[in-house]
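What you see is a predicted model; the values in this text were computed from it and never measured.
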Amino acid sequence: MFKKILIANRGEIALRVIRACRELEIRTVAIHSDIDGESLHVRYADEHVCVGPAEGGLSYRNIPNVLSAAEIAGVDAIHPGYGFLAENAHFAEVCESIGITFIGPSSEHIALLSDKSQARAHMKKHGIPVLPGSDGEIEDLKTSAAIAQKLGYPVIVKASAGGGGRGMRVVWHEEDLGQAIESAQLEAQTAFGHGGVYLERFFEDPRHLEFQIMADHQGHVVHFHERDCSVQRRYQKIIEESPSPALDDTVRKKMGQVAVQVMKSVKYHNAGTVEFLMDGTGKFYFMEVNTRIQVEHAVTEVVTGVDLIKEQIRIAAGQPLSFKQKDIQLLGHAIECRINAEDPDRLTPSPGTVTKFCTPGGPGIRVDTAMDTTGVVSPFYDSMIAKLIAYGRDRPEALARMRRGLDEFVIEGIQSNISLHRRILDNPDFQKGPVSTRFLDRFLTLHSA
Amino acid sequence: MFKKILIANRGEIALRVIRACRELEIRTVAIHSDIDGESLHVRYADEHVCVGPAEGGLSYRNIPNVLSAAEIAGVDAIHPGYGFLAENAHFAEVCESIGITFIGPSSEHIALLSDKSQARAHMKKHGIPVLPGSDGEIEDLKTSAAIAQKLGYPVIVKASAGGGGRGMRVVWHEEDLGQAIESAQLEAQTAFGHGGVYLERFFEDPRHLEFQIMADHQGHVVHFHERDCSVQRRYQKIIEESPSPALDDTVRKKMGQVAVQVMKSVKYHNAGTVEFLMDGTGKFYFMEVNTRIQVEHAVTEVVTGVDLIKEQIRIAAGQPLSFKQKDIQLLGHAIECRINAEDPDRLTPSPGTVTKFCTPGGPGIRVDTAMDTTGVVSPFYDSMIAKLIAYGRDRPEALARMRRGLDEFVIEGIQSNISLHRRILDNPDFQKGPVSTRFLDRFLTLHSA
Amino acid sequence: MPDSSRREIEDLVELLNLYHLTELELEKKGVRIRVRRDPAPTFASPAVDVSKIAKSLSPSVSESSPQPVESSQFLTITSPIVGTFYRSSSPDADPYVEEGALVTKGQVLCIIEAMKLMNEIEAEADGKVVKILVESMTPVEFGQPLFLIDPQ
Amino acid sequence: MPDSSRREIEDLVELLNLYHLTELELEKKGVRIRVRRDPAPTFASPAVDVSKIAKSLSPSVSESSPQPVESSQFLTITSPIVGTFYRSSSPDADPYVEEGALVTKGQVLCIIEAMKLMNEIEAEADGKVVKILVESMTPVEFGQPLFLIDPQ
């Protein structure tokens, strides 16, 4: 087992990893930018190194400085969390080359799966159901128009290197296709340095379902069932739950098998997520693989009882999985609300000084946050300041606990989206479930008079 | 179901009940003394009534004022929590007589079971294994000496009306018996208004095990397995866990059956706990029944997934249990540390102003507290300011999480017993488990040089 | 610290207390004091009542509940129990007292019904009834101000 | 409030800030001020560095890391990267500079090794090396002060 791990991240996920390390009795090294010196992740860690100024690109994403910090601190391994360097194949590769374990999949896995078009082609070849679309990146408008014609409008233009909604365009009519491709290519080139795009059929009311996977270096692949992440806006998830109200046991089992097949087809190891899109008829399609631990992993931890971060660390240290597929059961229901520092109506960030921060407690409530009883939300980083997870024996109990938890949560000094979550929880469509990925947009349109 | 419930308590248990009510969408009425007007339980409730000055006897235990508050607020039911009026048969009786539901057993149950000598006799008659001892209260020194002789020294003198260690005397030699009986009688008379005492054999290194019971008005009685409460000092528990490291499945099953039999023998309803003493050989004896929800109920909630407070309310409203015995399984391991405002070496109360209070979070951690981010610990009430409960897939994981949780807990401005808990968690005997009720005394003797 | 500035601080504290402010915030360069009270969201902390904290820490203090600021020169009669306040002995009877009435120590001012028992509340001193603070047939809690008496 | 008492409060706030105190507590009758700083238990909050908060809220601020209070008249050379600090180019070579040496802008003061690369750190101004703050072969983090230069 590792003796010392550097956590190449900040915020709640850095605390989450430090907590796992403490439980495994592994020393921790925090990195931080010069404005984060007093942050909770720095105070929780055994050691800390300042790696640059506030801007993430110069500190948390600064590969030479992060690796120098790892070297001078003498760590065996680096946990990247999510975001920042978590899906950077180059970073993983350099870690491998200097003999520091990257806690995640190999750099080849990241490279293959982060190219959405390539991943799509790979999965198609392995018999995984993918969304109807182009074979690889599109080449010119003429062939694209023919493909789109065949798929039927609306279609979606997606950047191969894309993520988080960037480099995507929905096209409803043939005459808009050329413009959409050009602007998606430009955006992708600017954002990711690679302008290649591909086409897929666009579903108007899909559900976003994802399967958590853990795979060890001995070839064992186990899935942890699904999370339903359909409550999202502009591809930013804000509520996740498990199990999904959209799945019955038959479909759940089949999707789980496909998810395992996806990961086995690339000989994956460590934590990953297989994302599916499901249409209104219950048909599902492979979308992509996220090659990292995700924000919403806690939902799965709560319903399965397994500590996914500790398992990531054990796998990276060469240990086989501590469970088999049959040991993983969904016990009850869990739901997560991402608490963001933002205007609850306009959903724009609201950084500033938090003058009071008091988290909910009691049965069935888990809070992951890096906020102290007071603190600062910096405009430099992500606006998510806490994850509130509620557990119940069934969905109604989980929802009732979440409502209570939101009511108990006190955040003063800045705005937060707690009131938005509260209103969503009161929405009859949401309560009845399931909802599609367009639910939140419609909800916001209806509720902002 | 009830429309409005008055919570006749303060502190974390008042919050706990309010949380259950909120999840059931029942309105809540808090009562408070005049120094508790800003307390969290008052702020969490929908309504609140001041029932007297600081001293508990004049406010939280003031039956006329508490019932007047219930009447003017128009509640259907009263939840007594633990302590204060929770085991007051007279209070339960008056509630019954004025048509307000007392959320607990009947006044007859409380009266029968709070008389330890009478309860003992009842259980013996029903074939429950009780500790070897006198039949009923003792009458004079001569017969007492004969009984003690037969039991074999050491023996323990116990007050029938006793509780919390008061009115108890351990006698090691015959010549001390008379003196011990007299002083126990005097103490019991003073403390409880009834001086009757009885004799039992005294075990030097017993384990304190208790079974959580829920029983409905339809005659269903289900147990929730055991809690091990052996880490205690002067009969004050400070650490509880479930399952007990002292039990194997055979003994667990047998004790569970006996616990159900105990409750069925008195036609019990609502929540209760059957306490057993277990000697070093695995033989167990009935000790007493606690006719209330207990501080440590959260341990059971965490390992079984059942919300015991909501279940209490449902039962009191006449609903049958929502589960059967086979539904109740111990999933993983849970441990609770009672966080008290006290000197961690001398274990004396340390009231005062809490200048910062920041609770631990992350996976497997539950915190029940009525402390805000700052606040006051009043010398008028119990020194327990929080319950920290850790869950793990097994005991080592639960212990590792508890250690981490204790390390994360920030309490400034007053002393707390966190450092004592931390040292106990590091103790090899405790880690190996099980320990006897004398563990903590020995530990304190060894560690206070 | 000179007495003058001490008085100023006391003024500030009184304002803090009076308006239930909770915070004296230092911003940016550490030289600005911001007196602040956030609008309370659900369950947010109301201001700490300093007198109550003090009381909770000193068991010897036993005076009754806080009096309205504007009435500090008057004697406040507070409810010693929880119940329902009645100004007269029965629905048809005249009220025991009206505002402006002169009362003598021991004179019955009202009745508080609790658990079907009628409890007579008496004047604690001679004086004039300045204000009756509670409507008849209203529930009252322990320590709730009922009457303002101007002692004479 | 008159300016005089305002100044008093400002002085108090400054002390609070300087000594990293966290609390201005009002006790009992609201007339006593207790300045307090609790000893920090595990994970307790260190004092908030107001300058950092200010910085975090104003993206335009880009000056380098905090300088020791006593050296404010000197120029501090800080590490622009994370790595290992070396005072000379090789174990056998003489140090680039000693304390007391006069240096010119652009002159190499030390090397910081990061990822097997040797990065030369240069003087940002002419001046005298007042103090070398780090031992040779020691790890340094971003923004860590390395040299104090008295600009001349």
Side-chain angles (χ1 to χ4, degrees), chain A residues 12 15-16 18-25 40 43-44 297-298 301-302 304-310 322-323 327 329 331-332 356-374 386-387 389-393 396-397 399-405 407-408 410 412, chain B residues 12 15-16 18-25 40 43-44 297-298 301-302 304-310 322-323 327 329 331-332 356-374 386-387 389-393 396-397 399-405 407-408 410 412:
Chain A
E12 69 87 18
L15 247 68
R16 176 68 193 85
I18 292 170
R19 284 170 166 154
C21 291
R22 290 187 73 91
E23 292 175 20
L24 293 169
E25 299 182 52
L40 223 49
R43 279 150 51 193
Y44 271 44
H297 75 276
E301 290 186 325
V302 167
T304 62
V306 176
D307 188 317
L308 295 174
I309 308 290
K310 286 199 289 203
S322 67
F323 39 78
D327 300 325
Q329 287 176 43
L331 303 162
K356 179 171 177 181
F357 192 82
C358 190
T359 56
I365 292 291
R366 168 174 167 185
V367 182
D368 278 51
T369 181
M371 185 60 66
D372 201 346
T373 54
T374 60
K387 303 188 311 201
I389 302 109
Y391 166 83
R393 280 206 289 163
E397 186 173 56
L399 296 188
R401 289 224 171 107
M402 179 56 84
R403 275 197 293 277
R404 167 176 80 69
D407 287 347
E408 289 180 17
V410 176
E412 295 176 14
Chain B
E12 70 85 20
L15 248 67
R16 176 68 192 85
I18 292 170
R19 284 170 165 154
C21 290
R22 291 187 73 90
E23 292 175 20
L24 293 170
E25 299 182 52
L40 224 48
R43 279 151 50 195
Y44 271 44
H297 75 276
E301 291 185 325
V302 167
T304 63
V306 176
D307 187 317
L308 296 174
I309 307 290
K310 286 200 290 203
S322 66
F323 40 77
D327 301 324
Q329 287 176 43
L331 303 162
K356 180 171 177 180
F357 192 82
C358 190
T359 55
I365 292 291
R366 168 174 167 184
V367 181
D368 278 51
T369 180
M371 185 61 66
D372 201 345
T373 54
T374 60
K387 303 189 309 202
I389 302 110
Y391 166 83
R393 279 206 290 165
E397 185 174 57
L399 296 187
R401 290 227 170 104
M402 179 57 85
R403 274 197 295 275
R404 167 176 79 70
D407 287 347
E408 289 180 16
V410 175
E412 296 176 14

What pairs with B/F323 under ring-ring contact (aromatic ring centres under 6.0 Å, His included), at least two apart in sequence or on another chain?
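Result, ring-ring contact (aromatic ring centres under 6.0 Å, His included) vs B/F323: B/F224.
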Given a strict heavy-atom distance threshold of 4.5 Å, which part of A/E25 is in contact with chain B: side chain, backbone, both, or neither?
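Answer is side chain: those atoms of A/E25 sit under 4.5 Å from chain B.
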Quick check on A/L331 against chain B: is it the side chain, the backbone, both or neither that has a heavy atom closer than 4.5 Å?
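It is the side chain, since no backbone atom gets that close.
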Salt-bridged, A/R19 to B/E408, with N to O below 4.0 Å?
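Looking at B/E408 together with A/R19, the answer is yes, because their closest N to O distance falls below 4.0 Å.
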Looking at B/T359, B/T369, B/D368, which makes the most heavy-atom pairs under 4.5 Å with chain A?
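Maximum pair count with chain A is reached by B/D368.
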Hey, which of B/L40, B/T374, B/D372 is the one that makes side chain to side chain contact (heavy atoms under 4.5 Å, CB included) with A/C358?
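For A/C358, the side chain to side chain contact (heavy atoms under 4.5 Å, CB included) check succeeds only for B/D372.
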Distance, nearest 0.5 Å, that separates CD of B/E23 from CG of A/L399
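So the CD of B/E23 and the CG of A/L399 are separated by 11.0 Å.
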At their closest point, which heavy atom of B/S322 faces which heavy atom of A/R393, and how far apart are they?
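Residues B/S322 and A/R393, closest heavy atoms: OG-NH2, 2.9 Å.
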Could you list the residues that satisfy salt bridge (Lys or Arg N to Asp or Glu O under 4.0 Å) with A/D307, not counting sequence neighbours?
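A/D307 satisfies salt bridge (Lys or Arg N to Asp or Glu O under 4.0 Å) with A/R16, A/K310, B/R401 only.
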For B/E301, is it the side chain, the backbone, both, or neither that has a heavy atom closer than 4.5 Å to a heavy atom of chain A?
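Side chain of B/E301 only, per the 4.5 Å heavy-atom cut-off to chain A.
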Top residue by heavy-atom pair count (under 4.5 Å) with chain B, among A/P363, A/G305, A/G392?
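Looking at each of A/P363, A/G305, A/G392 in turn, A/P363 comes out on top.
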